[in-house]
There are 2 protein chains.
Amino acid sequence: MSETPESKVIDLKGLQIACQSCGLHELCLPMGIHPDEMDRLDTIIKRRRPLHRNDFLYHSGDTLTSLYAVRSGSIKTYSLTGEGEEQIIGFHLPGELLGLDAIHDGGHHCSARALETTSICEIPFEDLESLAQEIPGLQHQLFRLMSKELQSDEHFMLVLGKKTSEERLSNFLISLSTRFSQRGFSGTEFNLSMSRNDIANYLGLAVETVSRLFTRFQNAGLIQVNRKLIAIKNLEGLNELAGAKCKKVDKSIVLR
Amino acid sequence: MSETPESKVIDLKGLQIACQSCGLHELCLPMGIHPDEMDRLDTIIKRRRPLHRNDFLYHSGDTLTSLYAVRSGSIKTYSLTGEGEEQIIGFHLPGELLGLDAIHDGGHHCSARALETTSICEIPFEDLESLAQEIPGLQHQLFRLMSKELQSDEHFMLVLGKKTSEERLSNFLISLSTRFSQRGFSGTEFNLSMSRNDIANYLGLAVETVSRLFTRFQNAGLIQVNRKLIAIKNLEGLNELAGAKCKKVDKSIVLR
DNA sequence: CGCTGCTTTGAACAACTTCAACTTCTGTGG
DNA sequence: CCACAGAAGTTGAAGTTGTTCAAAGCAGCG
């Protein structure tokens, strides 16, 4: 707050970067709204001090006050089953919005936790809503973002409902690869900020299964694994695996 | 269109019922907006001739022109896997909105098909969007509805990722029961408009598994099954089954 | 009446999980 | 800087849950 013109470019801590100069604005809220409207959006957005690994962004049960956009780093969101087990709902990369699912009843049903050092833009929801009331492009972009999340949730439901462990993991790797390259990072070599446990949890598999799959994928020449570092060697092959339950023959040739 | 005051109550075919007098308006779009604003909403909503069993409301690939609200009957939405298998995304009961996932890129990625004779309100999306720009309560309600869908998708991801077949089916039955009673129907006795195949598909199980579960649930006194007709005899018990993976002992006692 | 499509039931099989042991990594304190 | 404890990851073998395959039962319909 109390923004001066300079503070809209870079503040003293190097964090106060305006939406206009943020490399992520094509993925994030400002997309498709006019530069002068972007200024107005800028004035409601707060930049916070970065989160460290395992810090909470919000807890399940908190009332919704703000939406959050990841600027750098990554966040996992998860809810708890009746027995207190975590179920990871999603991993959030730079440019992605969190908290949309809390609008319905004004409270978070998931917890959000940093997987690594992560910086965040905080967007007070009431302010955002009134701004969206005045800026048609912003309302539209909010609808689009929520719709996109619905779409990807639906895709994921398909993965969980119909896909084998191999298909799930290849889907996951492809999704990361795509998202990283959209954000200007390498899509063929990246670090997994989440543990094997988190991956397994997210994909509805056992850790051991994921571990075995990584070695199998590596032996098949699809990827190169070095602890958290993943290099994708054969995206074609991964894509085939991700989609195709058909040619069982091919799969067994490739993977054993 | 060309609505006269009378046509807002009941038209000649008995279909042209205004939102104000629709028993579903508490679940549907109009919720929380003022009566005079409701009139404006009314003028953009079109009532269509009912769909019959297996009729399509829209196909995957169609461009988004309208959102749809179910007035009576039921609709299933599904997408296709790479190999052309159906994956059912959801079942839609009266008062529920369809098509929100198409806003993102203006095209449907699912097909929507009537499970029985079904009447529908059609809401041209562009009109709705401009109206939401003028009526804050409507914008808010749209955000809320989309958020609610995100929330329930997340819950379903948890079901698919962590739950056994028993837990999945009991969750499903409870969800139907709850939704029916919210809509003023009986929550303890209802007809399944979808086939066993559809249920199995939706829950990520084989038909045979679902069939076996129905008989097991019946033998355990939880429900009474008569073809499509379901009577819930022990909601407590179902609830326990739906949540609890803990007490394996109890389960085996109840269900074998 | 005899289809056809949906549902149910049984038995064999496969995929993934669980359990258990071992290895590798990480970070903390001496 | 090393040693050590705990966490995270890998690997093998046994066990389960749910699938697949096959066949029979049932309702609806021309």
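Basis for what follows: all heavy atoms, side chains included, without hydrogens, waters or symmetry-related copies. In what follows, chains carry the letters A, B, and so on, assigned in the order in which the sequence lines appear, proteins first and then strands, with residues in each chain numbered from 1.
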Atom CG of Asn201(A) and atom C1' of dA8(D): how far apart are they, to the nearest Å?
15 Å

Along nucleotides 9-15 of chain D, 5' to 3', which nucleotides get a B, which get an S, and which get a -, given that the test is a protein heavy-atom distance under 4.0 Å?
SBBBB--

Double-helix bend of the helix from dC1(C)-dG30(D) to dG30(C)-dC1(D), axes at both ends from 5 pairs, round to 10°, gives 30°

Tell me: NZ of Lys162(B) to P of dC16(C), nearest whole Å?
15 Å

Rounded to whole angstroms, how far apart are CG on Asn54(B) and C1' on dC6(C)?
14 Å

Rounded to whole Å, CD of Glu167(A) lies from C1' of dA15(C) at a distance of 12 Å

Do the rings of Phe185(B) and Phe180(B) sit parallel, tilted or perpendicular, given the 30° and 60° boundaries?
perpendicular

Backbone N or O of Ile232(B) within a donor-acceptor pair of the Thr188(B) side chain at under 3.5 Å?
no

Glu166(B) CD to dT16(D) C1': how many Å, rounded?
13 Å

One thing to verify: whether Glu96(B) and Lys148(B) come together as a salt bridge, which I'm taking to mean a side-chain N less than 4.0 angstrom from a carboxylate O.
no

Side chain to side chain contact (heavy atoms under 4.5 Å, CB included), that's the test. Do Leu93(B) and Ser74(B) meet it? Break it down for me.
CA-CA 5 Å; Leu93(B) 304 185; Ser74(B) 50; 4.1 Å; yes

Between Arg53(A) (CZ) and dG27(C) (C1'), how many Å, whole number?
12 Å

Considering only heavy atoms from C-beta outward, does the side chain of His155(A) approach that of Asn171(A) to under 4.5 Å?
yes

Please state how far atom CG in Leu205(A) lies from atom P in dT18(C), giving the value in whole angstrom units.
11 Å

Is Leu158(A) close to Glu154(A) at the side-chain level, that is, under 4.5 Å between some pair of heavy atoms?
no

Taking the side chain as everything from C-beta on, heavy atoms only, tell me whether Ser119(A) gets closer than 4.5 Å to Arg47(A).
no

Whether the Thr164(B) and Glu167(B) side chains hold a donor-acceptor pair (N or O, under 3.5 Å, no angle test) is what I'd like checked.
yes

Between CZ of Arg216(A) and P of dC16(C) the distance, given in whole Å, is 8 Å

Which side-chain N or O atoms in residues 197-210 of chain B pair as donor and acceptor under 3.5 Å with protein atoms at least two apart or in another chain?
unit_1: Asp198(B); atom_1: OD1; unit_2: Lys76(B); atom_2: NZ; d: 3.3
unit_1: Asn201(B); atom_1: OD1; unit_2: Ile88(B); atom_2: N; d: 2.8
unit_1: Asn201(B); atom_1: ND2; unit_2: Glu86(B); atom_2: O; d: 2.8

